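Computed from a predicted model, the values in this text were never measured in an experiment.
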Amino acid sequence: MVLVAVGVIAWDLLLAVRTKAFLHIFQLEEYLTSSFGYWLSHNRSKYLGRSFITLGGGATVLSAALLWSDGPRWEAEASLLIFASAGIILFFTRQKRAARKPLVLTARARRLYVVALFLGAGVPAAALLLGVRLGALEAGKAYAAMVVLQFLIVTFSGHVLALANLVLFPFENALRSRYQRSAAKIVRVRKPKIIAITGSAGKTTTKEVLSFLLSTKYEVLRTPASFNTPMGVSKTIRDSLRDQHFFLVEMGAYKRGEIARLCEMVGPPSIAIITHINEQHMERFGSLQDIVRTKFECVEALADQGVAVLNFDNPHIAEYSARFTGKRLVRYGTNDNPAELELRGSDIRAGQHGASFNVSWLGAPPVEFKIGLLGKHNVLNVLAATAAALECGLEPKHIAYWIRQFSPPQHRLQVIPSDNQVTVIDDSYNSNPDGILEALQVLASFKPRRRILVTPGLVELGGLQDGYNRRVGELAASCCDVVILVGPKQTAKIREGLMKEEFPAQQLIVARDFSEATNLLHSMSKSDDVILLANDLPDQHDEHLII
């Protein structure tokens, strides 16, 4: 019995640490069983490692065979010792790594963890004990079944975690619904002016610019960081919403209906802004048409006197907006057909310190804007915020004055000077295809300084992913002097694009992970270098992750 207890404890400890590692991935996938299931099916090598299967599986098969044969006592004890030893070795030799975004043990995470451990350890043990007591299993065969079951549960503890999420779904759904109903009630009582902001790119920057502008005249509340889910928005409402607030709600989505549900919770928006539409998260949506329809859910939800602020430089937005003839549209852009735009940016002069451009509103004489944001795409983000601010009663000259004082949001083409005269452009939160191409154009503008790109490439683009990553490589060849790619498998198509454009092989470095890339930068960077950090993939996309 001592060896049985040692074996169970060793493998239960292994179950606990593996379940916690899977819980981290589950949290990064926003507790969506479908998304987590997709990760499990496409990343088997990250949790079915060769050493784990060889040592654990081999010990399990040997132990179970010896126990099932009902041989002498010493044989059973030896088999249990083998199984326990394998569990101990696997526990102490497991990968230990620092996460870029660590697991946060929220109340929901703790509930999920406890239920998963109960299902993984408690239920099988109870079933086996019951089988022995009822006489259905002999002791030796029960131990053999226990060994096999223990190994399978530890191996597929991620799937047990997904099952635990399904078990908890009714409770969690009721809890979320009550929380969101409470938030919706607060909105109905406070009656803020709702401004919904969505898009495949640019929504956070637009939200931050608009919040800055409106706060020069009004009381403003915005959803913080990237709080763009129902629970994140609900938390913001419950913690901070007050009377007379202009409430800026960033709205993210992975499937149809999610933005509609957000609008239902906060109430019909007075203003709905769509900044940009591209193939971002195509892997989850399935089609570009579904992405377009989902983004326009905020326009469908507009209040009776509401207005949609739409980027008419984006062909998907311009084309789909024709369906909304009964809505009031404010169209902004930089195209050469001012007749179709209510707000137009022109004469754009973008450089290393920002951009200047002229803004015309409803055909009035243009007003010059100067911004400290890098990249021509940020001109469109400022135009989106300007259009909404004008609808809220601000004057063009007032906006032009204050916009000069706006600083870029963190990790979005944020220039970070350093003591050794190296300029770092932190665009690590940018993970969409158009954004990274724009960031490369910004890097190109720093010539003749040495320009260094660090990137792990793009993900979640479905069948378009390889093509976009190859295109990143092709453009990088003309914009960069040195390229550091993070992750050899993930960046293979970027390498193809670089080689196609005959980028010097000696200037291309492939790092194993971000830690190695950071060390390389410290050793090779020198005064006057410009470093672009383009995208920082979350931990579940780390190709060297081993659970």
Side-chain angles (χ1 to χ4, degrees), residues 193-199 202-203 205-218 246 248 269-277 295-296 298-299 302-351 354-373 375-406:
K193 187 181 182 74
I194 303 295
I195 302 177
I197 305 169
T198 192
K203 54 185 177 289
T205 300
T206 299
K207 177 189 68 179
E208 295 297 325
V209 174
L210 180 56
S211 174
F212 176 80
L213 292 174
L214 292 180
S215 65
T216 63
K217 186 175 180 180
Y218 306 113
F246 278 70
L248 279 54
S270 299
I271 299 174
I273 303 172
I274 304 180
T275 58
H276 190 73
I277 293 178
K295 301 305 180 186
F296 269 87
C298 64
V299 177
L302 274 171
D304 291 340
Q305 302 301 316
V307 58
V309 175
L310 305 176
N311 174 8
F312 256 55
D313 278 10
N314 184 279
H316 308 300
I317 296 175
E319 180 181 350
Y320 201 77
S321 67
R323 303 179 182 216
F324 296 89
T325 53
K327 304 286 186 181
R328 190 162 75 86
L329 309 182
V330 170
R331 303 161 297 178
Y332 69 90
T334 61
N335 64 50
D336 294 328
N337 185 12
E340 71 171 12
L341 301 175
E342 281 71 36
L343 184 74
R344 180 171 181 260
S346 60
D347 301 321
I348 300 170
R349 302 166 294 281
S356 62
F357 53 99
N358 292 328
V359 175
S360 301
W361 170 242
L362 298 176
V367 176
E368 185 181 31
F369 277 42
K370 291 184 178 179
I371 60 174
L373 299 170
K376 290 184 178 179
H377 64 295
N378 270 322
V379 170
L380 286 167
N381 293 332
V382 169
L383 288 174
T386 298
L390 288 165
E391 286 293 324
C392 293
L394 271 61
E395 296 294 330
K397 289 184 178 180
H398 177 92
I399 296 171
Y401 171 80
W402 284 105
I403 197 65
R404 297 182 182 212
Q405 302 178 46
F406 178 78

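Here the NZ atom belonging to Lys203 is positioned 13.0 Å from the CD1 atom belonging to Ile273, to the nearest 0.5 angstrom. Distance check, rounded to the nearest 0.5 Å: CD1 of Ile371 to CZ of Phe357 gives 4.5 Å. Between Lys295 atom NZ and Ile317 atom CD1 the span is 10.0 Å, to the nearest 0.5 Å. Rounded to the nearest 0.5 angstrom, Ile399 CD1 and Phe406 CZ are separated by 13.5 Å. Here CD1 of Ile194 is found 12.5 Å from SG of Cys298. Values are rounded to the nearest 0.5 Å.
For the residue pair Ser360/Arg344, the side-chain donor-acceptor check at 3.5 Å is not satisfied.
Of all heavy-atom pairs between Glu368 and Ser356, the closest is OE2-CB, 4.3 Å. Val307 and Leu329 get closest at one heavy-atom pair: CG2-C, 4.4 Å. Ile348 approaches Lys376 most closely through the heavy-atom pair CG2-CG, 4.4 Å. For the pair Arg404 and Ala400, the tightest heavy-atom approach, listed with the atom from each and the gap, is CG-O, 3.6 Å. Residues Trp402 and Phe212 come closest through the heavy atom pair O-CE2, 3.1 Å. Shown here for Leu302 and Ala308, the closest heavy-atom pair between the two residues is CD1-N, 3.7 Å.
Asp347 places no side-chain N or O within donor-acceptor distance of the main-chain N or O of Asn358, the cut-off being under 3.5 Å. A donor-acceptor contact shorter than 3.5 Å links the side chain of Asn314 to the backbone of Ile277. Side chain of Asn311 to main chain of Thr275: a donor-acceptor pair is present (N/O by atom type, distance under 3.5 Å, no hydrogens or angles). Looking at Thr205, its side chain never comes within 3.5 Å of a backbone N or O of Gly202 through a donor-acceptor pair. The closest donor-acceptor contact from the side chain of Glu342 to the backbone of Arg331 lies under 3.5 Å.
No more than 12 heavy-atom neighbours from other residues, nucleotides or ligands sit within 6.0 angstrom of CD on Glu319. For Gln305, the CD atom sits in a loose shell: 12 or fewer heavy atoms of surrounding residues, nucleotides or ligands are nearer than 6.0 Å.
In this structure, the side chains of Val359 and Pro396 stay at 4.5 Å or more apart for every pair of heavy atoms. Between Tyr401 and Val367 the shortest side-chain heavy-atom distance does not fall below 4.5 Å.
Phe324 and Phe296 have parallel rings, their planes meeting at less than 30° on a 0 to 90° scale where 60° marks the start of perpendicular.
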Output a table of donor-acceptor pairs, distance under 3.5 Å, between side-chain atoms of residues 378-392 and any protein atom two or more places apart or on a different chain; print 'none' if there are none.
| unit_1 | atom_1 | unit_2 | atom_2 | d |
| --- | --- | --- | --- | --- |
| Asn378 | OD1 | Asn381 | ND2 | 2.9 |
| Asn378 | ND2 | Leu374 | O | 2.7 |
| Thr386 | OG1 | Val382 | O | 2.7 |
| Glu391 | OE1 | Arg328 | NH2 | 2.6 |
| Glu391 | OE2 | Arg328 | NH1 | 3.4 |

| task | Dump the intermediate steps for side-chain contact (heavy atoms from CB on, under 4.5 Å) on Val309 and Tyr332, then the final yes or no. | result | CA-CA 7 Å; Val309 175; Tyr332 69 90; 3.6 Å; yes
